[in-house]
Undergrad: 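To start, I am sharing the structure in question, which I have written as structure tokens.
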Amino acid sequence: MTRAILTKKKLVLSNAHRFISITNLSRCISTLILAEHESGSIKAQTVSTVVAANHLGESSSVSLLLAGSGSSLQEAASQAASCHPSVSEVLVADSDRFDYPLAEPWAKLVDFVRQQRDYSHILASSSSFGKNILPRLAALLDVSPVTDVVKILGSNEFIRPIYAGNALCRVRYTGAGPCVLTIRTTSFPVTPITESKKATISQIDLSKFKEDAVSRSRYVGQSTQDTERPDLGSARVVITGGRALKSVENFKMIEKLAEKLGGAVGATRAAVDAGYVPNDLQVGQTGKIVAPELYMAFGVSGAIQHLAGIKDSKVIVAVNKDADAPIFQVADYGLVGDLFEVIPELLEKLPEKK
Amino acid sequence: HQTHKSAPLTNLRTMKILVAVKRVVDYAVKIRVKPDKTGVDTQNVKMSMNPFCEIALEEALRIKEAGFAKEVVAVSIGPPQCVDTLRTGLAMGADRGIHVEANSSFLPLTIAKILKSLADVENPGLIFLGKQAIDDDCNQTGQMVAALLGWPQATFASKVVVLDKDKQFATVDREVDGGLETLSVDLPAVITTDLRLNQPRYATLPNIMKAKSKPIKKMTLEDLKVDIKSDIEIVEVTEPKKRKSGVIVSSVDELIDKLKNEAHASLWNYYRFSGFGVDGGPAAKKLALKLNLANANLSSRLWVTLSNIEVRQASVTIVSLIAIGGVIFVIRKIFGAYLAVYFTIVSPILYDIYNNGPEDRYFSPFWIELFKISLQLQIFRSYKAKIMQSMRMDE
């Protein structure tokens with residue numbers, strides 16, 4: 001009888017082994033998201049990345065990784081824990097090494113975290129932060145990342161724009177390592193959430209974390225514009241000026257119009273190059289990608305590279321003196337006229353929006 | 001900042017700069033997706049050096065001309081035509097070129113591995129790349145090369161890179177989402193260039209002639225002992241959805257009109273139906289504003305203070321009024337008139353009638369919509385009457 005029991009046990013064990021290998025085939029999705037935070041709260045781009053992670057597949061667990069130091073980090077962590085119901089865990093790396101988003105320590109940190117827990121996907125938003133760090137991480141892991149993903153078709157199939165968005169490329173990741181992605185957040189809008197769930201917050205033990213002592217980069221400073229106007233990347237209304245504005249003073253008209261409509265100010269590369277506005281207002285293939293409800297372009301000719309940044313806007317309005325400007329081919333409403341006359345007229349006739 | 005021992009790289013004056021340049025479809029070309037969806041048509045299409053790579057090469061040349069480097073080496077990876085791109089680079093002022101032969105296009109990781117192997121051989125103090133290629137828009141290679149070499153990286157560099165002669169580091173301004181960030185990176189380092197770093201020079205005719213005699217070394221992947229990494233497959237390449245063609249308006253008034261009624265309607269509908277969240281969402285907020293304004297106006301006109309109407313109760317009341325009114329209207333004509341009463345009171349609030357006069361453009365759409373709704377209801381009622389009649393006749 002003991003023999004019968006023993007053989008039965010053997011059978012059970014061997015069947016269990018088969019069961020485990022079957023579940024291994026249907027890769028369990030667990031995602032690590034490199035989060036961005038500022039002044040004690042998670043940035044909107046990170047929440048969009050969480051939304052994107054949900055498209056990867058069923059039963060996906062999403063962990064957010066926050067790094068930095070001090071009370072603003074802990075505040076951001078606690079806000080991150082309830083920013084979206086699909087976040088199951090918030091990992092916090094508290095060290096002044098991570099005070100500034102330098103790619104070298106951050107890429108090493110993500111690798112360090114990944115070595116302790118096995119993730120199938122590592123995501124970040126396609127912001128200057130994500131674009132700087134994630135490819136470096138991917139090379140450390142010897143995997144090819146997929147950057148600027150606009151659509152997720154499955155756990156390893158994605159669509160990304162190429163040729164300034166004039167073509168869409170559907171790619172499949174066939175590697176064995178974790179799938180590293182940067183997400184174009186305008187393609188994954190955040191819907192208002194009803195249920196609130198608080199994720200667990202755990203502090204990462206950094207005692208074994210080693211950094212390169214030899215060649216390093218150091219943060220020196222930054223110049224950022226502190227405005228009350230909405231952030232260009234997530235604004236619902238964007239008013240853009242081109243080179244036809246001719247001066248910094250004239251750009252104030254654009255700012256007034258943006259203020260009236262409660263929108264953000266954008267600019268073309270030509271306007272930034274000419275010095276009318278700072279570089280972080282540039283909209284286009286190599287600047288910011290925007291997808292507002294209303295996009296109004298004044299004195300913008302509509303070069304391919306600029307259109308790449310505005311194609312997903314709901315309504316595009318263009319005002320230009322030149323009736324043949326390419327912008328009129330994508331605009332929903334076009335007005336051929338002198339912007340120096342049109343803008344004051346608009347300022348006068350538009351009602352206040354709130 | 002701490003002193004350190006730097007890598008084998010020594011004197012800045014003997015420093016080599018490696019610049020990677022890519023041959024891509026010219027930025028002004030309007031590309032076409034192949035009908036079989038395997039890619040973009042690049043036959044008989046003008047090809048040029050990637051604009052960001054031009055900027056990278058220009059910066060390397062300026063550093064050399066300022067006396068901080070001895071030699072600028074241009075590298076290109078791809079088919080035989082890459083030699084043309086290298087010749088352009090040599091004409092701009094690079095000292096020599098390296099062409100790594102490749103028949104198919106490689107993923108950025110393979111390119112990064114090739115550049116790493118070259119760096120192990122050439123020992124440059126700086127590697128310059130364009131931040132992204134305008135064909136695949138990947139923005140990965142520079143970061144990957146830095147990781148493979150274990151070097152610091154300064155990506156999206158704008159503003160002139162300043163090198164310190166005594167200590168071996170560079171100060172770089174980077175374009176980031178919030179503005180500009182300044183980093184100082186130890187050499188050797190990898191820098192990727194952004195648009196505003198510099199204005200690349202044109203190759204002058206004497207330089208083009210000189211370039212013909214500058215050496216271009218040919219290498220293969222076997223020479224560099226690099227394995228091709230192919231963990232990403234291209235499934236298909238398609239065109240994005242085209243936008244519906246728009247209209248040209250003739251005046252600012254027409255534009256505002258269209259925005260309010262057509263575009264704004266879609267914006268407004270978004271508000272109405274975009275969800276309610278916890279506090280009622282944007283729809284409730286708009287309603288609250290209008291309610292309060294209507295309240296204020298009516299109070300002042302009727303000399304009676306109407307009590308504060310709570311938004312949540314108002315929304316619930318309005319929705320249930322519509323529902324009840326609809327049902328009653330269908331069942332009983334007389335009570336259905338009650339629906340018209342609802343419209344008379346509530347719709348004006350929604351359409352801001354109490355706050356605007358007849359000269360305002362909102363005024364007429366409201367009445368038009370009211371008329372339309374009542375017309376539709378009349379038609380519906382008459383159909384219902386007919387159906388009832390026919391049912392009675394069947395009995």
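Heavy atoms only: backbone and side chains are in, while hydrogens, waters and symmetry mates are out. First the proteins, then the strands, lettered A, B, ... as listed; each starts at 1.
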Undergrad: Tell me, out of A:Asp273, A:Ile304, A:Val317, who's got the most heavy-atom pairs with chain B below 4.5 Å.
TA: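 Highest number of heavy-atom pairs under 4.5 Å: A:Asp273.
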Undergrad: Could you report the tightest heavy-atom contact between A:Tyr333 and B:Lys258, atom names first, then the distance?
TA: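 The pair with the smallest heavy-atom distance is CE2-CD, 3.7 Å.
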Undergrad: Under a 3.5 Å distance rule, please check whether A:Gln305 uses its side chain to pair with a backbone N or O of B:Tyr27 as donor and acceptor.
TA: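 Indeed, once roles are kept as given, a pair shorter than 3.5 Å links the two residues.
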Undergrad: Taking non-hydrogen atoms and a cut-off under 4.5 angstrom, which of residues 108-115 of chain B neighbour chain A?
TA: B:Leu109, B:Lys113
Undergrad: Without hydrogens or angle criteria, can the side chains of A:Asn166 and B:Glu239 be said to hold a donor-acceptor pair below 3.5 Å?
TA: no
Undergrad: Looking at B:Thr155, B:Thr238, B:Thr192, which makes the most heavy-atom pairs under 4.5 Å with chain A?
TA: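 Of B:Thr155, B:Thr238, B:Thr192, B:Thr238 has the most heavy-atom pairs under 4.5 Å with chain A.
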Undergrad: Looking only at heavy atoms, which two atoms of A:Arg136 and B:Gly150 are closest? And how far apart?
TA: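 Result for this residue pair: NH2-C, 4.2 Å.
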Undergrad: So, do B:Glu181 and A:Pro101 sit near enough that their side-chain heavy atoms are less than 4.5 Å apart?
TA: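 In contact.
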Undergrad: Working to the nearest 0.5 Å, report the span between CZ of A:Arg170 and CD of B:Glu233.
TA: 11.5 Å
Undergrad: Heavy-atom distances under 4.5 Å only: say whether B:Val29 touches chain A with side chain, backbone, both or neither.
TA: backbone
Undergrad: Restricting to non-hydrogen atoms, name the atom on B:Met144 and the atom on A:Pro135 that form the minimum distance, rounded to 0.1 Å.
TA: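 Taking B:Met144 first and A:Pro135 second, the nearest heavy atoms are CG-O, 3.6 Å.
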Undergrad: Just wondering, more than 12 heavy atoms not from A:Leu347 lying within 6.0 Å of its CG?
TA: yes
Undergrad: Go through the atoms of B:Val33 and report whether side chain, backbone, both or neither lie under 4.5 Å from a heavy atom of chain A.
TA: side chain
Undergrad: Side chain, backbone, both or neither: which part of B:Lys131 has an atom under 4.5 Å from a heavy atom of chain A?
TA: side chain
Undergrad: Hey, mind stepping through A:Asp280 and B:Asp177 against side-chain contact (heavy atoms from CB on, under 4.5 Å) and telling me if it holds?
TA: CA-CA 6 Å; A:Asp280 55 321; B:Asp177 286 341; over 6 Å; no
Undergrad: Salt-bridged, B:Asp186 to A:Arg218, with N to O below 4.0 Å?
TA: yes
Undergrad: Can you tell which part of A:Phe328 gets under 4.5 Å to a heavy atom of chain B, answering side chain, backbone, both or neither?
TA: side chain
Undergrad: Chain A: which of B:Gln140, B:Lys244, B:Arg174, B:Lys241 shares the most heavy-atom pairs with it under 4.5 Å?
TA: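 Option with the top pair count is B:Gln140.
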Undergrad: Heavy-atom distances under 4.5 Å only: say whether B:Leu183 touches chain A with side chain, backbone, both or neither.
TA: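 Both backbone and side chain of B:Leu183 come within 4.5 Å of chain A.
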Undergrad: Who wins among A:Ala139, A:Ala138, A:Ser223, A:Cys169 for the most heavy-atom pairs under 4.5 Å with chain B?
TA: A:Ser223
Undergrad: Using a cut-off of under 4.5 Å on heavy-atom pairs, state which of A:Val319, A:Leu281, A:Val336, A:Ile162 scores highest against chain B.
TA: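 Sorted descending by pairs with chain B, the first entry is A:Ile162.
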Undergrad: Where on A:Ile316 is there a heavy atom nearer than 4.5 Å to chain B: the side chain, the backbone, both, or neither?
TA: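 The answer is both parts of A:Ile316.
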Undergrad: Please test A:Leu335 against B:Ile248 for side-chain contact (heavy atoms from CB on, under 4.5 Å), starting from the C-alpha separation and ending with a verdict.
TA: CA-CA 6 Å; A:Leu335 176 56; B:Ile248 301 281; over 6 Å; no
Undergrad: Of the backbone (N, CA, C, O) and the side chain (C-beta and beyond), which part of A:Asp142 lies under 4.5 Å from a heavy atom of chain B, both, or neither?
TA: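 When you check distances to chain B, atoms from both the backbone and side chain of A:Asp142 fall under 4.5 Å.
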Undergrad: Could you tell me which portion of A:Val143 (side chain, backbone, both or neither) has an atom closer than 4.5 angstrom to a non-hydrogen atom of chain B?
TA: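 For A:Val143, backbone and side chain are both near chain B.
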Undergrad: Determine whether B:Arg243 and A:Asp332 satisfy the following criterion, side-chain contact (heavy atoms from CB on, under 4.5 Å), listing intermediate values before the conclusion.
TA: CA-CA 8 Å; B:Arg243 285 185 79 95; A:Asp332 298 296; 2.8 Å; yes
Undergrad: Could you tell me which residues satisfy side chain to side chain donor-acceptor pair (under 3.5 Å) with B:Asp137, sequence neighbours excluded, listed by chain and number?
TA: A:Gln285, B:Gln132
Undergrad: Any donor and acceptor pair, going by atom type alone, linking the side chain of B:Lys260 with main-chain N or O of A:Leu350 inside 3.5 Å?
TA: no
Undergrad: Starting from the C-alpha separation in whole Å, work towards a yes-or-no answer on side-chain contact (heavy atoms from CB on, under 4.5 Å) for B:Leu180 and A:Gln222.
TA: CA-CA 6 Å; B:Leu180 287 174; A:Gln222 69 179 25; over 6 Å; no
Undergrad: Quick one: does any side-chain atom of B:Gln143 pair with a main-chain N or O of A:Lys131 as donor and acceptor, under 3.5 Å?
TA: yes
Undergrad: Side chain, backbone, both or neither: which part of B:Ser251 has a heavy atom under 4.5 Å from chain A?
TA: backbone
Undergrad: Where does A:Pro278 contact chain B at under 4.5 Å (heavy atoms): side chain, backbone, both or neither?
TA: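 Contact with chain B: none, neither part.
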Undergrad: In terms of heavy-atom proximity below 4.5 Å to chain B, should A:Ala107 be classed as side chain, backbone, both, or neither?
TA: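 Neither part, no heavy atoms under 4.5 Å.
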Undergrad: Where the side chain of A:Arg216 meets the backbone of B:Ser184, is there a donor-acceptor pair that is under 3.5 Å apart?
TA: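 No, A:Arg216 side chain to B:Ser184 backbone: no donor-acceptor pair under 3.5 Å.
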Undergrad: Side chain, backbone, both or neither: which part of B:Val40 has a non-hydrogen atom closer than 4.5 Å to chain A?
TA: side chain
Undergrad: Could you look at B:Arg32 and say if it's the side chain, the backbone, both or neither that has a heavy atom under 4.5 Å from chain A?
TA: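 Neither part.
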Undergrad: Where on A:Arg160 is there a heavy atom nearer than 4.5 Å to chain B: the side chain, the backbone, both, or neither?
TA: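 Just the side chain, heavy atoms under 4.5 Å.
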Undergrad: Is B:Asn139 close to A:Thr147 at the side-chain level, that is, under 4.5 Å between some pair of heavy atoms?
TA: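 Of all side-chain heavy-atom pairs linking B:Asn139 with A:Thr147, none is under 4.5 Å.
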Undergrad: From A:Met296 CE over to B:Leu255 CG, what is the distance, rounded to the nearest 0.5 angstrom?
TA: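 Spacing of CE (A:Met296) from CG (B:Leu255) equals 5.5 Å.
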Undergrad: When rounded to the nearest 0.5 angstrom, what is the spacing between OG in A:Ser128 and CD in B:Glu175?
TA: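 That separation rounds to 10.0 Å.
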Undergrad: Picking from A:Asp148, A:Val272, A:Val146, which has the most non-hydrogen pairs under 4.5 angstrom with chain B?
TA: A:Val272
Undergrad: Using heavy-atom distances under 4.5 Å, tell me whether A:Leu168 contacts chain B through its side chain, its backbone, both, or neither.
TA: both
Undergrad: Using a cut-off of under 4.5 Å on heavy-atom pairs, state which of A:Gly221, A:Ala167, A:Gly165 scores highest against chain B.
TA: A:Gly221
Undergrad: So, taking the atom named CG in B:Asp136 and the one named OH in A:Tyr163, what distance separates them when rounded to the nearest 0.5 Å?
TA: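 One gets 8.0 Å once the value is rounded to the nearest 0.5 Å.
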Undergrad: Does any N or O in the side chain of B:Gln153 come within less than 3.5 Å of the main-chain N or O of A:Ala103, such that one atom is a donor and the other an acceptor?
TA: no
Undergrad: How close do B:Phe52 and A:Thr286 get, heavy atom to heavy atom, and via which atoms?
TA: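 Of all heavy-atom pairs spanning B:Phe52 and A:Thr286, the closest is CZ-CG2, 3.2 Å.
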Undergrad: Side chain, backbone, both or neither: which part of B:Ser230 has a heavy atom under 4.5 Å from chain A?
TA: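 Interface part for B:Ser230: backbone (N, CA, C, O).
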Undergrad: Which pair of heavy atoms, one from B:Gly179 and one from A:Asn279, lies closest together, and at what distance?
TA: O-ND2, 3.5 Å
Undergrad: Does A:Lys151 have more than 12 heavy atoms from other residues, nucleotides or ligands lying within 6.0 Å of its NZ?
TA: no
Undergrad: What part of B:Leu107 gets within 4.5 angstrom of chain A, counting heavy atoms only: side chain, backbone, both, or neither?
TA: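 It is the side chain, since no backbone atom gets that close.
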Undergrad: Does atom NZ of B:Lys37 have more than 12 heavy-atom neighbours from other groups under 6.0 Å away?
TA: no
Undergrad: If we ignore hydrogens and angles and just use 3.5 Å, is the side chain of A:Thr174 paired with the main-chain N or O of B:Asp231 as donor and acceptor?
TA: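 Between the backbone of B:Asp231 and the side chain of A:Thr174 there is a qualifying donor-acceptor contact (under 3.5 Å).
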Undergrad: Find the one option among A:Lys288, A:Glu157, A:Gln329, A:Lys311 whose heavy-atom pairs under 4.5 Å with chain B are most numerous.
TA: A:Lys288
Undergrad: Under a 3.5 Å cutoff, is there a donor and acceptor pairing between the side chains of A:Gln282 and B:Arg196?
TA: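 Judged by distance alone, the side chains do pair up.
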Undergrad: Using non-hydrogen atoms only, which part of B:Ala189 is less than 4.5 Å away from chain A: side chain, backbone, both, or neither?
TA: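 Contact with chain A involves no heavy atom of B:Ala189 at all.
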